[in-house]
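For reference, the structure discussed in these notes is given below.
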Amino acid sequence: MQKMNIVLKVFLSMSFSGSLLILVLFCVKRFLKDKTSRQWQYYIWLIVILRLLLPFGAETNLMGKTYQAIDQIITQSAPLSKPQNPVNTPDILTPAAGLESSNKSANNPTEELTTAHSLQDIASLLINHIWLIWLVAALGMLIRKVTIYQGFIWYIHAGLSPVSDIVILDHLSITAERMGIKKPIELYVNPLISSPLLIGFFHPCIVLPSINISEKDFQYIVLHELIHYKRWDMFYKWLVQFTVCLHWFNPFVHLMGQEITKACEFSCDEAVLSKIGCDNTQDYGKTLLNAMAAVGKYKETPGAVTLSENKKLLKERLGAIMNFKKTSKTRRLLTGILTLCIIFGASFVGIYSVAAASSQISDKPQISVINENNTLPTQEEIDAHSTDYSLQAEQYYKTGSLPLFEITFPRLDETTQRSWLEKFYTDGDFAFFSVAVRGLDANSSLFADFAEKSYTDDEIAFFSTLTDCMDETELNPWLERALIDEKWAFQSMLFNKLDQNNEFDKLKDKQEKEWEAMQTAEYKTIGVTMDAKNYYYQGQLINIFLDIRANNSFYTLNTNPAGTVNIKITRDANDKIVNVSYMTEAEVTELLHDMSDDDIRTNDDWQASAEGRTWYPQLIPINLKTVADGEIVYLGEYTLSDGDRIWYNVLAETGNGLQVGFVKPEDIHLNTTYYSVENLRQQNETLECNASFTFKPPVKPGTYKLFLRATNGTLENVKGNISIGFAADATILTPHK
């Protein structure tokens with residue numbers, strides 16, 4: 001929000017700079033109207049438009065100095081007040097009032113405090129979202145203009161009739177060729193329009209109210225409209241409309257838009273007269289009068305360029321036509337000098353610099369060095385101010401006011417800031433931690449301290465917030481460390497921050513292949529081999545393959561109904577294999593009982609069919625401490641066939657969005673998912689994915705990757721299980737001794 005308001009501040013400075021230039025040009029027009037060409041009066045506005053749209057300017061300029069002076073005055077005119085009553089609400093929350101107001105405050109301080117907090121929260125909310133009001137209004141105006149123009153075009157096209165007279169079309173073609181226009185220009189008639197006009201950005205056509213006009217009038221009309229086309233006046237007009245929409249709050253910009261509309265026609269008249277010569281000014285004026293006679297049948301929109309746009313301009317345009325003179329060398333010299341002056345003025349006025357605005361985002365608010373007696377504050381006064389801010393922060397935290405806490409936190413000393421951050425970190429208060437981190441000074445050592453702490457503790461959500469304030473030179477060392485420490489989640493997040501997702505995908509594929517090769521070699525030493533998804537022990541196909549860790553979590557669990565032996569591998573605390581043995585009947589029964597959850601057994605989807613069909617469930621336990629926002633966790637590849645059953649029972653303690661499903665191995669971007677369930681957290685409800693499916697057409701049998709993704713915010717303490725029941729027409733075989 002703060003960054004958006006800084007951008008709006010820069011934009012407002014652009015609008016103010018443009019207003020100054022607009023006033024200057026209006027003054028120039030008033031005093032030098034007849035001494036400059038009409039075309040110069042038309043195109044000079046492009047400099048103002050560029051000033052209004054482009055946030056660039058000289059480092060030292062009038063606008064930058066003005067904003068700095070205003071900021072300095074505001075800072076010096078709002079010194080910190082002494083706390084009158086440290087045990088109550090700080091003074092900045094209590095406005096000056098009479099005795100009666102003070103008594104009411106003393107009688108019910110909680111109510112007054114709550115009201116003050118509410119008002120300040122509302123004010124802070126409005127300030128933080130003022131950019132949104134501006135943007136919505138601008139988009140609304142632009143959409144309205146586009147809609148009106150589109151309606152006008154439909155109206156014109158509804159009554160169009162193409163001109164088929166070969167002589168007239170040849171005349172148009174010859175005129176266009178003489179002007180260097182190679183693109184074919186179409187000619188139509190529409191009796192509903194008020195005057196000749198040109199429409200079409202990329203497929204231009206001239207539309208006439210009637211074809212029954214003299215040859216001379218036709219020549220002048222066509223010449224006028226072709227000049228509009230050659231000068232790209234339609235694009236110029238829409239650039240003006242876009243600028244007006246962005247600066248909808250600035251009346252000077254609206255005046256500029258009206259002035260450009262008038263200048264467009266004056267300059268086009270001047271261009272026509274330059275081609276036909278001064279001897280034909282009277283005839284051209286008559287053509288204009290004839291065109292104006294029909295005005296009133298339909299009001300054209302700003303999107304089209306017409307021969308005559310407004311009756312009020314008729315007298316002025318006719319006067320300009322009759323007084324037309326070719327541009328002299330003196331006039332060219334004058335307009336050249338004026339152009340340079342306007343360009344220099346635009347650069348001198350400048351804008352509120354982007355660099356200065358960006359520095360405000362990270363700059364810590366400074367306490368005024370002058371107290372109310374215009375003397376330097378004593379150490380006691382400084383300590384009193386620090387205590388004042390500490391009390392404010394405490395009160396804002398208790399009332400849950402994030403905006404006010406965000407304003408106060410940067411004014412605390414570093415020791416107090418550290419205490420607050422430690423509290424938020426310990427309590428797992430991610431919202432206040434994020435706000436506090438954004439309020440730290442750019443050079444604060446707290447960034448490094450808490451980054452180290454969260455990295456060591458594997459708290460990726462807190463670490464991710466801290467990295468938002470780091471640049472590339474700070475992120476790269478952390479990435480190197482995560483690679484060395486083999487912290488997969490941190491690698492994924494850091495690659496994403498550095499916009500290097502492709503590198504992470506390559507690394508991930510490499511690590512998966514290395515892990516598979518290592519696992520294959522490890523199993524081979526104990527007599528277990530793998531062929532695709534089949535496991536063999538001493539040459540025998542394995543039915544149940546159980547590889548279990550010291551904490552009883554599954555390292556690998558695979559079932560194959562066609563197998564003849566059941567094998568169990570146990571590991572020590574370091575995940576080293578210590579034993580391989582055949583599973584006993586009791587172990588098989590216990591495993592299948594654990595895998596057949598009570599909830600599954602009560603679900604008809606999981607019952608054996610009347611024909612005696614049996615499903616062999618494979619349980620995938622889920623126990624993830626953290627899944628970063630947007631992170632995808634793959635839970636293995638599985639070969640699914642028609643009739644297989646899938647059941648999800650996964651929940652997350654924190655986070656707002658969770659998705660579980662299957663995807664083709666080659667579709668790493670999840671463009672197409674299968675049997676996917678995505679839920680958003682509802683108020684006072686658990687975030688979970690709980691569903692069951694039967695694998696069947698049109699989904700095709702094959703190998704799929706099971707995935708889990710955080711779709712809205714970081715997930716923490718993701719637990720549960722996913723079961724896959726592989727269909728078979730046989731019962732589980734007893735272990736082969």
Side-chain angles (χ1 to χ4, degrees), residues 37-39 42-43 152-153 156-157 159-238 263-295 300 303-309 314 317-318 320-322 324-327:
S37 69
R38 295 290 184 170
Q39 294 195 57
Y42 177 50
Y43 287 113
F152 172 72
I153 295 299
I156 296 297
H157 280 284
L160 284 183
S161 298
V163 175
S164 57
D165 191 321
I166 300 299
V167 175
I168 295 176
L169 294 177
D170 285 344
H171 194 174
L172 171 62
S173 178
I174 292 170
T175 305
E177 187 176 351
R178 287 175 179 174
M179 295 181 63
I181 299 175
K182 297 181 179 179
K183 196 176 188 71
I185 308 295
E186 299 178 356
L187 185 64
Y188 292 90
V189 173
N190 187 336
L192 299 178
I193 63 174
S194 61
S195 67
L197 55 83
L198 173 72
I199 60 173
F201 289 93
F202 304 106
H203 301 286
C205 64
I206 296 174
V207 184
L208 304 175
S210 172
I211 198 61
N212 297 321
I213 55 177
S214 67
E215 181 178 346
K216 185 172 291 187
D217 283 348
F218 179 78
Q219 178 185 353
Y220 293 153
I221 290 171
V222 166
L223 186 60
H224 182 99
E225 300 305 336
L226 290 178
I227 287 175
H228 275 309
Y229 170 74
K230 190 171 183 180
R231 299 192 314 179
W232 289 24
D233 282 343
M234 283 185 292
F235 291 94
Y236 190 177
K237 280 196 169 187
W238 273 108
C264 177
E265 293 305 321
F266 282 113
S267 65
C268 192
D269 290 340
E270 187 178 75
V272 171
L273 294 173
S274 297
K275 287 186 175 294
I276 65 177
C278 300
D279 297 336
N280 296 304
T281 55
Q282 188 173 0
D283 291 337
Y284 181 70
K286 288 180 180 179
T287 300
L288 182 61
L289 281 172
N290 293 334
M292 290 298 297
V295 171
E300 285 80 8
V305 283
T306 64
L307 181 67
S308 54
E309 296 211 3
L314 177 59
R317 286 182 65 183
L318 288 174
I321 290 172
M322 296 307 168
F324 170 75
K325 295 179 181 179
K326 290 190 175 181
T327 305

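- Between the CD1 atom of Ile174 and the CG atom of Leu169 there is a distance of 11.0 Å, given to the nearest 0.5 Å.
- The OH atom of Tyr220 lies 12.5 Å from the CD1 atom of Ile213; values are rounded to the nearest 0.5 Å.
- Of all non-hydrogen atoms in Leu208 and Ile193, the two that sit nearest each other are C-CD1, 3.8 Å.
- Across all non-hydrogen atoms, the minimal contact from Pro196 to Ile221 is CB-CG2, 3.5 Å.
- Applying the ring-ring contact (aromatic ring centres under 6.0 Å, His included) criterion to Tyr236, with sequence neighbours excluded, gives Tyr42.
- Between Asp269 and Arg38, none of the side-chain N atoms (NZ, or NE/NH1/NH2) sits under 4.0 Å from a carboxylate O, so this pair counts as no salt bridge.
- We find the SG-CZ distance between Cys264 and Arg231 to be 5.5 Å, quoted to the nearest 0.5 Å.
- The backbone N or O of Gln39 sits less than 3.5 Å from a side-chain atom of Glu270, completing a donor-acceptor pair.
- Between His228 and His224, the ring planes lie perpendicular to each other; the angle is over 60°, past the 30° to 60° tilted range.
- Evaluation of the side-chain hydrogen bond (donor to acceptor under 3.5 Å, both in side chains) test over residues 197-213, restricted to residues two or more places apart or in two chains, returns none.
- Across every non-hydrogen atom of Ile168 and Leu187, the tightest pair is CG2-CD2, 3.6 Å.
- Interatomic distance, Tyr229 OH to Phe235 CZ, rounded to the nearest 0.5 Å: 8.0 Å.
- The minimum heavy-atom distance between Pro191 and Gly159, with the atom names listed, is CD-O, 4.2 Å.
- The backbone N or O of Ala176 sits nowhere less than 3.5 Å from a side-chain atom of Lys230 that would complete a donor-acceptor pair.
- Nearest heavy-atom pair across Val189 and Pro209 is CG1-O, 3.8 Å.
- Under the 4.5 Å side-chain criterion, counting only non-hydrogen atoms from C-beta, Glu225 is not in contact with Pro204.
- Distance CG/Leu226 to CG/Leu198: 8.0 Å, rounded to 0.5 Å.
- Counting only heavy atoms from C-beta outward, the side chains of Leu223 and Tyr284 never approach each other to under 4.5 Å.
- Distance CG/Leu192 to CG/Leu160: 9.5 Å, rounded to 0.5 Å.
- Remark: Gln219 pairs with His171 by the side-chain contact (heavy atoms from CB on, under 4.5 Å) rule, at least two apart or across chains.
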